[in-house]
Amino acid sequence: MTDTPASAPATGTAEAGERRPAFDRHMLEALVCPLTLGPLSYDAEAQELISKSAHLAFPIRDGIPVMLASEARRTDD
Amino acid sequence: MDEQHDKTTHFGFQTVAEDQKAGMVHGVFTRVASRYDVMNDLMSMGIHRAWKDAMMDWLAPRPGQRLLDVAGGTGDVAFRFLNRAQGAGAVVCDMTESMLVEGRKRAEAEKMADSLDWVVGDAMALPFPDNSFDVYTISFGIRNVTRIADAMKEAYRVLKPGGRLMVLEFSQIPNDLMQKAYDLYSFNVIPVMGQIVANDRDSYQYLVESIRKFPDQETFAGMIRAAGFEQVKYRNLTMGIAALHSGWKI
């Protein structure tokens, strides 16, 4: 169900001294799909939170999850 | 009696289709985000700070509590809450991404980063599980929500049993003469200030209209009760220019 890559990306600090806010993984436990209230899984590479039950992928921008259906990408799987 | 087939709602004094309001509100707050804190100070002559402090006094944050601050924009309420409660945590949830980005830039946000989370979300469809927060606050946000009843139901859902709701919002002054004087000020002065400070008269015109359209203290208290909350009470602030509403999920 939830994909948990063995090597989580570094959070907080980033390359070249510039602070780039990253998605905090503990947020994953605190969030559900706003449409179905079902669980979400984290795609670190795409920076998306996937709701299987709603077939939607919610974007994470600058570490902030955008949990609006209007901003989500449809996943047809 | 003239119920229409298409559902409509208020956008300030305009009547708009329900499905248009969120986008229009989003537009307003995207435009005002970078000047929002400055404008709040100017518009209320700094009084909004005292109101938020009054909110905290009534709320009395306790150690370890978990707060959800909806329409929390630039973090004002969450910072105050965390300052008063050791080991508490807060989630700031706002429909407008640029408001959160502004909030996260603030010095307090850096200091409290470990106990603060920022989420873009809709008050009518919160991305949180049932029974997950001790406190739900919404400060100067509820009047911008398309369906207030839906937002109150969501507040009830995400609060734990024993959880507390607290709403800070502009309200109606019970004294007619004072209300007239206040209307004169708000309709004549605030849009002009918006023009000067933020170069955006229309957004601030919306703000004053939406304030005038929001239900009075008793009516709003009734809406909170209708969502299931108990022991619903309110307190007027500055003669009723604003009001605090409190309710409990028992």
Side-chain angles (χ1 to χ4, degrees), chain A residues 1-4 8-14 16-44 46-75, chain B residues 19-27 30 33 66-68 70 72-75 89-106 109-110 112-134 146 150-151 153-154 157-158 160:
Chain A
M1 289 289 280
T2 47
D3 64 324
T4 330
T11 50
T13 51
E18 205 207 318
R19 253 201 72 163
R20 197 106 189 101
F23 177 66
D24 202 334
R25 291 182 133 272
H26 83 263
M27 272 304 282
L28 189 56
E29 291 153 44
L31 291 170
V32 296
C33 173
L35 282 85
T36 63
L37 304 184
L40 300 164
S41 57
Y42 175 45
D43 183 336
Q47 282 295 293
E48 284 180 335
L49 292 172
I50 317 285
S51 169
K52 271 199 166 174
S53 49
H55 303 282
L56 289 175
F58 297 92
I60 300 167
R61 292 198 279 258
D62 272 344
I64 300 177
V66 180
M67 306 305 293
L68 302 172
S70 57
E71 297 287 312
R73 177 177 68 79
R74 273 209 71 84
T75 61
Chain B
D19 57 5
Q20 284 179 1
K21 174 158 173 163
M24 295 171 86
V25 169
H26 186 269
T30 300
R66 196 149 178 270
L67 166 73
L68 173 62
V70 174
T74 53
V91 177
V92 180
C93 180
D94 200 294
M95 194 176 74
T96 308
E97 208 173 326
S98 52
M99 294 286 285
L100 296 177
V101 170
E102 284 299 319
R104 205 172 49 170
K105 280 188 206 157
R106 289 169 61 175
E110 295 260 316
M112 300 173 181
D114 291 344
S115 40
L116 258 177
D117 290 304
W118 308 83
V119 177
V120 178
D122 181 347
M124 299 185 293
L126 292 172
F128 309 104
D130 299 357
N131 310 316
S132 49
F133 293 94
D134 301 293
T146 307
D150 289 4
K153 267 187 231 158
E154 277 291 86
R157 180 182 69 77
V158 301
K160 296 175 188 169

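Each chain gets a letter, A, B and so on, in the order the sequences are listed, and its residues count up from 1. Note that the structure is a prediction, hence the values are computed from the model and not measured.
Checked against side-chain contact (heavy atoms from CB on, under 4.5 Å), A/I64 has the following partners two or more places apart in sequence or in another chain: B/L100, B/V101, B/R104, B/W118, B/V120. Residues meeting the side-chain contact (heavy atoms from CB on, under 4.5 Å) test with A/A57, sequence neighbours left out: A/E48, A/I50, A/R73, A/T75.
A/L37 approaches B/F128 most closely through the heavy-atom pair CD2-O, 4.3 Å. In terms of heavy atoms, B/A125 sits closest to A/P34 at O-CB, 3.2 Å. The shortest heavy-atom contact between B/P129 and A/A30 is CD-O, 3.3 Å.
Remark: A/D24 CG to B/L116 CG distance equals 11.0 Å, nearest 0.5 Å. Note that CD of A/E71 is 11.5 Å distant from CG of B/D122, once rounded to the nearest 0.5 Å.
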